[in-house]
Amino acid sequence: MRYWLMKSEPDVYSIADLARDRHEIWDGVRNYQARNFLRSMTVGDRAFFYHSNTKPPGIVGLMEIVKADIVDPSQFDPHSKYYDPKSNPEDPRWRTVKVGYLATFAAGISLDQLKAQFTPEELGVVRRGNRLSVMPVDEAVAAKLLAIAQQGE
DNA sequence: GCCAACGTTGGC
DNA sequence: GCCAACGTTGGC
């Protein structure tokens with residue numbers, strides 16, 4: 001089982017939304033590097049839910065991958081902001097996963113805390129200028145994140 | 001294939 | 001709202 005970090009703006013889709021929905025297709029990723037990470041996920045992998053573009057940004061919960069390598073339906077929806085007219089239905093360009101809700105961290109782990117605890121090499125999200133919305137998390141880093149989240153209980 | 005212009009992300 | 005970082009687009 002591998003660990004990941006996935007970003008979402010809470011105004012668009014938050015951990016509270018996922019807690020309500022229980023599971024959801026992670027749509028709208030339109031970056032090839034992020035897509036490649038999504039494609040390499042397998043069922044049972046876990047992902048930290050990161051709130052971006054909010055105060056404070058940070059990790060707010062945990063989810064699991066419940067369905068791997070699915071076609072992102074929004075690429076073919078002309079009314080979606082994620083519509084991609086160049087994507088060929090015979091060979092869809094954008095694939096993603098379905099995620100399931102596992103937990104909301106009582107205290108969350110703010111970006112400031114993440115910067116204090118991890119180097120940019122250990123955790124991509126603390127890297128200056130990092131814009132990638134899906135990234136792998138080393139197992140040792142994941143264990144430390146879970147321990148920090150537990151402390152906040 | 002280069003690169004300037006442009007658009008988006010996301011912290012601050 | 002600003003702006004640094006950086007990916008994408010399109011003219012040449």
Side-chain angles (χ1 to χ4, degrees), chain A residues 2-21 23-41 45-65 68-99 101-138 141-142 144-149 151-152:
Chain A
R2 283 181 295 175
Y3 285 94
W4 305 90
L5 182 145
M6 298 164 77
K7 295 181 188 172
S8 178
E9 301 188 16
D11 288 348
V12 177
Y13 197 78
S14 72
I15 188 77
D17 293 325
L18 183 60
R20 179 198 61 217
D21 298 338
H23 48 74
E24 185 61 289
I25 291 174
W26 199 267
D27 65 1
V29 172
R30 296 291 179 271
N31 169 283
Y32 287 102
Q33 197 181 352
R35 180 207 63 182
N36 293 343
F37 284 135
L38 287 168
R39 294 200 67 172
S40 68
M41 292 179 180
D45 283 359
R46 299 199 165 184
F48 293 96
F49 196 129
Y50 180 94
H51 278 178
S52 64
N53 245 319
T54 189
K55 287 179 182 173
I59 290 172
V60 292
L62 191 67
M63 46 195 174
E64 65 179 335
I65 308 310
D69 196 25
I70 56 182
V71 173
D72 182 338
S74 64
Q75 68 195 302
F76 301 122
D77 176 5
H79 302 297
S80 169
K81 64 179 281 198
Y82 304 121
Y83 178 55
D84 183 355
K86 293 180 185 168
S87 184
N88 174 8
E90 304 299 314
D91 182 23
R93 179 180 293 186
W94 305 111
R95 297 188 173 257
T96 186
V97 296
K98 183 179 274 191
V99 296
Y101 175 79
L102 284 183
T104 301
F105 296 152
I109 312 172
S110 70
L111 181 58
D112 281 348
Q113 285 176 274
L114 294 172
K115 284 177 176 169
Q117 297 283 338
F118 300 101
T119 67
E121 291 72 31
E122 287 175 313
L123 187 62
V125 80
V126 306
R127 234 167 267 156
R128 178 182 162 85
N130 166 67
R131 299 191 311 167
L132 196 59
S133 66
V134 178
M135 67 191 77
V137 176
D138 284 351
V141 173
K144 201 168 162 185
L145 286 169
L146 291 170
I148 295 168
Q151 279 170 17

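Proteins come first, then strands; the chains are lettered A, B, ... in the order of their sequence lines, and each starts at number 1.
Taken residue by residue, residues 108-122 of chain A places no heavy atom nearer than 4.0 Å to DNA chain C.
Side-chain N or O atoms of A:R93 include none that pairs as donor or acceptor with a backbone N or O of A:Q75 at under 3.5 Å.
Residues A:V137 and A:R46 fail the side-chain proximity criterion, which asks for heavy atoms closer than 4.5 Å. The closest side-chain heavy-atom distance from A:L123 to A:K144 is not below 4.5 Å.
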Letter by letter from the 5' end, nucleotides 2-10 of chain C scores (B base, S sugar-phosphate only, - none; protein heavy atoms under 4.0 Å) --SBBSSS-
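One side chain, A:S74 or A:R30, offers a donor N or O that lies under 3.5 Å from an acceptor on the other. With hydrogens and angles left out, the side-chain atoms of A:S14 and A:D17 include a donor and acceptor closer than 3.5 Å.
A:K55 comes within 4.0 angstrom of no nucleic acid atom, judged by non-hydrogen atoms across all strands.
Remark: A:D45 pairs with A:W4, A:T42 by the side chain to side chain donor-acceptor pair (under 3.5 Å) rule, at least two apart or across chains.
Taking the six-membered ring where tryptophan is involved, the planes of A:F105 and A:F48 are tilted, since the angle between them lies from 30° to 60°.
Using a 4.0 Å cut-off between charged side-chain N and carboxylate O, A:K115 and A:D112 make no salt bridge.
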